Amino acid sequence: MTRAKTGLRLLPWLLLFVLFLAAVRFTGCSPALFWARRSHLSDVFVRMIPPDWAYFPRIFPLLWATVQMSVAGTVLGAFFALLAAPFCSANLKNPPPLRVGMRVLIQVLRSFPTLILALAATFLFGIGCFAGAVAITLYTFAIMTRLCYEDIETADTRPYLALCAMGASPGRAYFRAVLPEIASSYLANALYLLETNVRHSAILGYVGAGGIGLLLNEKISWKEYDRVGAILLALFAAVCLIEWISERLALLVRGEKTARPAAVRAILAALSLLFVLSLVTVGRPDFSRTSIQAVGSMFSGLVWPEWGFLVEGGSGGLPWLLLETVCIAFVGTVIGALLSLPLAVLGTSRLVPGPVALFFRLFVMALRSIPFLIYGIIFIRVAGPGAFTGVLTMAVCSIGLITKRFTEAIDSLDFRPYRALGAMGISPLLRVRYAVLPQLIPAFASAVLYRFDVNTREASVLGVVGAGGIGAPLIFAMNHYAWRRAGAITLGLILLVWLVDLISARLRGGRRR
Amino acid sequence: MKLQVLHVSKQFDERVAALSDVSFSVGEGEFVSVIGPSGAGKTTLIRILNGSEPCDGGEVLLSGQHLESARGRKKAEIQKGVGTIYQDFALVENVSVLQNVLNAALPDMAFLPAVLGLFGRARRETAAALLARVGLADKLEEPVKNLSGGQKQRVAIARALMRRPEILLADEPVASLDPVTGRQILTLLRDLQQKDGLTIVMNSHNLALSKEFSDRLIGLNRGRLVYDGPVGEASAEVIDTIYAAAEEAQV
């Protein structure tokens, strides 16, 4: 009601701006450097064209392995999530200690980027696709369980309680009364994750977990860019295809489209065939190099980490590395969001002519289909090893998701208040400020916060390609079997992700009020 | 005269005239209902009266000022004197009630305070007082999306009043409300007319409500003015001419 409150509203924005500038300094971002060395960036892309067409036959087996890992991992992970979720939900009957335990487990699993899970899996199951599939399964399991129990907690549990009161076991009541209610959201999430997982599994080859990543890495380090171009093109096609299929299926799942029962049966049969095929041919684990002692020291390292490293000061210490990781994610997310804004406007057929919108949508999709480590490798040629490369990578990686959400928000804009303010003689600029932005900002903010959450995790593996952050020391420690140090870094990472999660949940909750 | 409409015509495509040669005037403190079948040009008329739509011929005078021929800043200046409420409210849904009403203060503010949202205490108090007037004193900080339809229309009325309008235009203000709520809104409008001397021009497809709440009826049919007179003089025959032609046209 008073003027003080208006002033206070501007304060968080000011604070955010100051934090941003501090983080920019900390990560050593230098637009001048980027501009001076921009030719190194265009160079890479120019040399990818034309791609080496003859190379495609070599690509397909590995591309199939990549898709295989993600299909098998997504289905298995989603299935286990369905079983685990009721034990995490506060509104269903389950023992509270078990619930707390499960939630902690999920939160811990969620903190690991797929690449780290895959690396750990290669130590247990040997090099190959099996390790990759395990990593994707664990990752999917963690995310799906969480999404699932959040859905359950907002679902109506009266039918469930009624069935329980009739003497049905809680398990049966869950399947009969709760599942139908969350089914469509569950399937939509699983489909979305399938898309993400294809991109994720494309880089698992980096740590020896199979798929196309290995080949990609090799071709980039050998500077065979025409072949890199061919691989990226194949990957783009695969991602487009999967996105197209999953969008179709999502329409069916949400009930926005209907299909004949026969068609539904055919689709289900095709999908199960794909899944079984993926699962059966994913390769056997290779235990020849795993020993009980190795596994034992791995877990004891996690349980009893190197405590000294947790609080070590200076630029090599864990706190400093974690701060660098967060700063990379933060600056990258902000820059990505700023870049997404014009792309989102240009990508809606509501504001620009149809062909223009289509072009920009395809452009964003192409950006999205390239795995983020590849950006790291490309940007390192421009910005050199260090956090600045990480920032650039995170910025470009954020564009895909944020633009998509922005576009959706713009598509659902209500223009009536805009016209109503126009009829009062208010200038177009102020009309946008008061009738358009208030509708967009909540959706924008939640997209950006969500992406920041994801970026924090992804920034923690950027170190693999030398792009700063905590990733390099972590993978170094793992490859040298320094499990106590890896344990310390892991613990730091878990705490960091948990903290970011908490903050972003709070901010999002605060928006809703 | 508050409002003078002189020979206004509007054509959207070549064949059908949305409005042809419509002339009437509205005096200070009058409550006029524009009635007619759908497609008669009622909404187009309102959109021309508040300057959202240019007309092809004719002139609109608001308190003697030429709205139609005005452009840019001059036009905005005249538009400030017009308040409009809509069938679908046209509010910003996820913003508070108070903020929605304050939006109407924007045309009077300097650029920088307007962009930063520094409305000042006086404007906030005016807005709060208007919201109390329409019966929403306890909803100031509520997001509009949490309100019922009737409450939303009250917010829209408060927003229109915030402009201290010379005239209030109402485009089917109760068409999307249930009958009871609709009567409450119209009672509020009549109260504003009788106690505060507000001039009101309302579109309506509900003849009974128009007859009950307004002083005068203007009948439009396929873009032509077919009746202009007091409610009392609108006989069954007159009503038939307003609506009958449309049936003919539909056949």
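From a predicted model like this one, the values you see are computed outputs, not experimental measurements. So you know, we letter chains A, B, ... as the sequences are listed, proteins then strands, and number each from 1.
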Check [Y] with [X], please: is the shortest side-chain N to carboxylate O separation under 4.0 Å?
X	Y	result
A:Glu195	A:Arg368	yes
B:Arg47	B:Asp171	no
A:Arg361	A:Asp411	yes

Output all residues satisfying side-chain hydrogen bond (donor to acceptor under 3.5 Å, both in side chains) with [X], sequence neighbours left out; order by chain, then residue number.
X	value
A:Ser185	A:Asp151
B:Lys10	none
B:Gln4	none

Check each atom of B:Val95 against the heavy atoms of chain A and say whether the ones under 4.5 Å are side chain, backbone, both or neither.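 Contact with chain A is through the side chain of B:Val95 alone.
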Max heavy-atom pair count under 4.5 Å with chain A, selected residue of B:Leu91, B:Ile78, B:Val82, B:Ile85: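 Max contact count across the listed options: B:Leu91.
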Below 4.5 Å, heavy-atom pairs only: which of B:Lys80, B:Arg73, B:Arg159 has the largest tally toward chain A?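 Highest number of pairs under 4.5 Å: B:Arg159.
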For residues A:Val345 and A:Ile410, determine if any side-chain heavy atom of one lies less than 4.5 Å from a side-chain heavy atom of the other.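 Yes, close enough: below the 4.5 Å cut-off.
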Considering heavy atoms only, which positions within residues 102-114 of chain B lie below 4.5 Å of chain A?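 B:Asn103, B:Ala104, B:Leu106, B:Pro107, B:Phe111, B:Ala114, listed by number.
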With chain B as the partner, which of A:Ala423, A:Pro438, A:Ser427, A:Ala435 has the greatest number of non-hydrogen pairs under 4.5 Å?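 Heavy-atom pair counts peak at A:Ala423.
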